[in-house]
Amino acid sequence: MTIQISSQFAFSFERPTSALLQFEVAQTPDQSDIQSETRITDTEKFSRVAADDGVGERIWLRGAGRIEVQYSAQVSPKRQHLELTDCRAIEPHDLPGDAVKYLLDSRYCRADDFQGLVASEFAGTHGGARIEAIRRWIFDNFEYVPGSSDASTNATASFIKRQGICRDYAHVFVTLARASSIPARYVACYAPGVTPQDFHAVAQVFVSSKTNPQTDNQAGGCDGYWQLVDATGMADLSNAAIIGVGRDAADVSFLTTFGPVEFLSSAVDVKSQVTA
């Protein structure tokens, strides 16, 4: 199975301004980029830097006026997606160093405020069962409503309102997982099945496999691995193409600007294709 990706967006600066972009599919062992092409309006500055945890790259730009970005790719995901019930939690003191930060509060995810709630709402569940209970609770209690949140909306506001878009679902899931002492990070991706089609947000939890103790470890130090979870239930996670990861949306936005910007347009199309 391969997925065909096409994304484009445009924005404008009145004066020379810096911007940080992250929209290309990451090169990782579980997804291969068969072919891709990136086209960006000429700017006075263009450079690439590594993204968080070495997953993907970011692009630095500096320019003025209208800037257009066009990206297309054909990607072959090769991701093993285990059932959440086949996962077990790793005790915090056994975690590798680079997973620890995903237990801690971040800009949009104030997990400390939810420790009492998870202890009562999900009492008696642990590991994969706790993760599935959180995912199911969000799916059952939240309404997907485009336009119901903005760039300032955090997990606490989404929890109170009980509605949002994929970004908000991911933030709430990450927050409740961290409140349960399970490392969780925010994931930007392209995925078939998402409606309306756009850049999609899911989460990853750092867990261990009950069935395969030798599971490939991307973080080092124990037999843990990062498992994708989509609280919206829309994405085909076995065929999702990861763009990047971070503590929350602030770390992996497709466009971060360091000055006033006018956002002009955006369009994303993702299609699955069966290969012989």
Problem set entry | Nearest non-hydrogen partners of Ser272 and Met1, listed with the distance | CB-SD, 3.8 Å

Exercise. With a cut-off of under 6.0 Å to the ring centre and 45° to the axis, is Arg110 in cation-pi contact with Phe114?
Worked result: no

Problem set entry | side-chain hydrogen bond (donor to acceptor under 3.5 Å, both in side chains) evaluation trace for Glu24 with Thr38 | CA-CA 8 Å; Glu24 298 169 318; Thr38 297; 2.6 Å; yes

Exercise. Side chains of Asp269 and Ile5: does their closest heavy-atom pair fall under 4.5 Å?
Worked result: no

Exercise. Any donor and acceptor pair, going by atom type alone, linking the side chain of Asp168 with main-chain N or O of Ile165 inside 3.5 Å?
Worked result: yes

Problem set entry | Sidechain N-carboxylate O distance under 4.0 Å for Glu132, Arg130 | no

Exercise. Is there a path of hydrophobic side-chain contacts, each under 4.5 Å between heavy atoms of I, L, V, M, F, W or Y residues, that connects Val270 with Val69?
Worked result: yes

Exercise. When rounded to the nearest 0.5 angstrom, what distance separates CG in Leu176 from CD in Gln115?
Worked result: 11.5 Å

Exercise. Val187 pairs by side chain to side chain contact (heavy atoms under 4.5 Å, CB included) with which of Val202, Val55, Val174?
Worked result: Val202

Exercise. So do Arg136 and Asp140 actually touch side chain to side chain, heavy atoms under 4.5 Å?
Worked result: yes

Seminar exercise, completed: In this structure, CG of Leu95 is separated from OG of Ser181 (nearest 0.5 Å) by 9.5 Å

Exercise. Is there side-chain contact between Gln227 and Phe206, with at least one heavy-atom pair below 4.5 Å?
Worked result: no

For this session: Please round to the nearest 0.5 Å and tell me the distance separating atom OG of Ser180 and atom CD of Glu121.
Result: 11.0 Å

Under 3.5 Å, which donor-acceptor pairs link side chains of residues 249-267 to any protein atom two or more places apart or in another chain?
from, atom 1, to, atom 2, distance (Å)
Asp251, OD1, Arg247, NH2, 3.0
Asp251, OD2, Arg247, N, 2.8
Asp251, OD2, Arg247, NE, 2.8
Ser253, OG, Leu255, N, 3.2
Ser253, OG, Leu255, O, 2.8
Thr257, OG1, Gly259, O, 3.2

Exercise. Within a strict 4.5 Å, meaning less than it, do heavy atoms of the Asn239 and Arg79 side chains meet?
Worked result: no

Seminar exercise, completed: Of Ile40, Thr17, Leu21, the one forming a side chain to side chain contact (heavy atoms under 4.5 Å, CB included) with Ile67 is Ile40

For this session: Could you tell me whether Asp112 and Arg178 make a salt bridge, using a distance below 4.0 angstrom between a side-chain N and a carboxylate O?
Result: no

For this session: Answer whether the closest heavy-atom distance between the side chains of Tyr71 and Ser6 falls below 4.5 Å.
Result: no

Exercise. Mind checking whether Tyr108 and Ser152 have side chains closer than 4.5 Å, heavy atoms only?
Worked result: no

For this session: Calculate, to the nearest 0.5 Å, the distance between atoms NZ and CZ belonging to Lys45 and Arg62 respectively.
Result: 10.5 Å

For this session: Using the ring of Phe23 (Phe, Tyr or Trp, six-membered ring only), decide whether Arg58 places NZ or CZ under 6.0 Å from its centre and within 45 degrees of its axis.
Result: no

For this session: Please determine if Arg185 forms a cation-pi arrangement with Trp226, meaning its NZ or CZ atom is less than 6.0 Å from the six-membered ring centre and no more than 45° off the ring axis.
Result: yes

Exercise. Hey, is CD on Glu14 packed in by over 12 heavy atoms from elsewhere, all under 6.0 Å?
Worked result: no

For this session: Determine whether Asp236 and Ile3 make a side-chain contact, defined as any pair of heavy atoms from C-beta on separated by less than 4.5 Å.
Result: no

For this session: Would you please indicate yes or no on a ring centroid separation below 6.0 angstrom for Tyr169 and Phe139?
Result: no

For this session: Check whether Tyr186 and Tyr225 end up in the same hydrophobic cluster, where Ile, Leu, Val, Met, Phe, Trp and Tyr are linked by side-chain heavy atoms less than 4.5 Å apart.
Result: no

Exercise. Under 6.0 Å from the NZ atom of Lys101, do we count more than 12 heavy atoms belonging to anything else shown?
Worked result: yes

For this session: Using the six-membered ring wherever Trp is involved, compare the ring planes of Phe11 and Phe13 and label them parallel, tilted or perpendicular (cut-offs 30° and 60°).
Result: perpendicular

Exercise. Hey, what do you get for CD1 (Ile182) to CD1 (Ile134), rounding to the nearest 0.5 Å?
Worked result: 5.5 Å

For this session: Please examine the side chains of Lys78 and Ser32, heavy atoms only from C-beta on, and report whether any two atoms are closer than 4.5 Å.
Result: yes

Exercise. Is the gap between the ring centers of Trp137 and Phe173 under 6.0 Å?
Worked result: no

Problem set entry | Pair Ser106, Asp248: side-chain N/O donor-acceptor within cut-off below 3.5 Å | yes

Exercise. Should the heavy atoms of other residues, nucleotides or ligands under 6.0 Å from CG of Asp150 be counted, would the total exceed 12?
Worked result: yes

For this session: Go through the steps for Arg66 and Ser12 under the test side-chain hydrogen bond (donor to acceptor under 3.5 Å, both in side chains), then give the verdict.
Result: CA-CA 4 Å; Arg66 182 183 176 94; Ser12 179; over 6 Å; no

Exercise. Would you say the ring centroid of Tyr190 lies under 6.0 angstrom from that of His200?
Worked result: no

Exercise. Hey, what do you get for OG (Ser148) to CD (Glu143), rounding to the nearest 0.5 Å?
Worked result: 8.0 Å

Exercise. Of the non-hydrogen atoms in Val75 and Ala241, which two are nearest, and what is the gap between them?
Worked result: CG1-CB, 4.2 Å

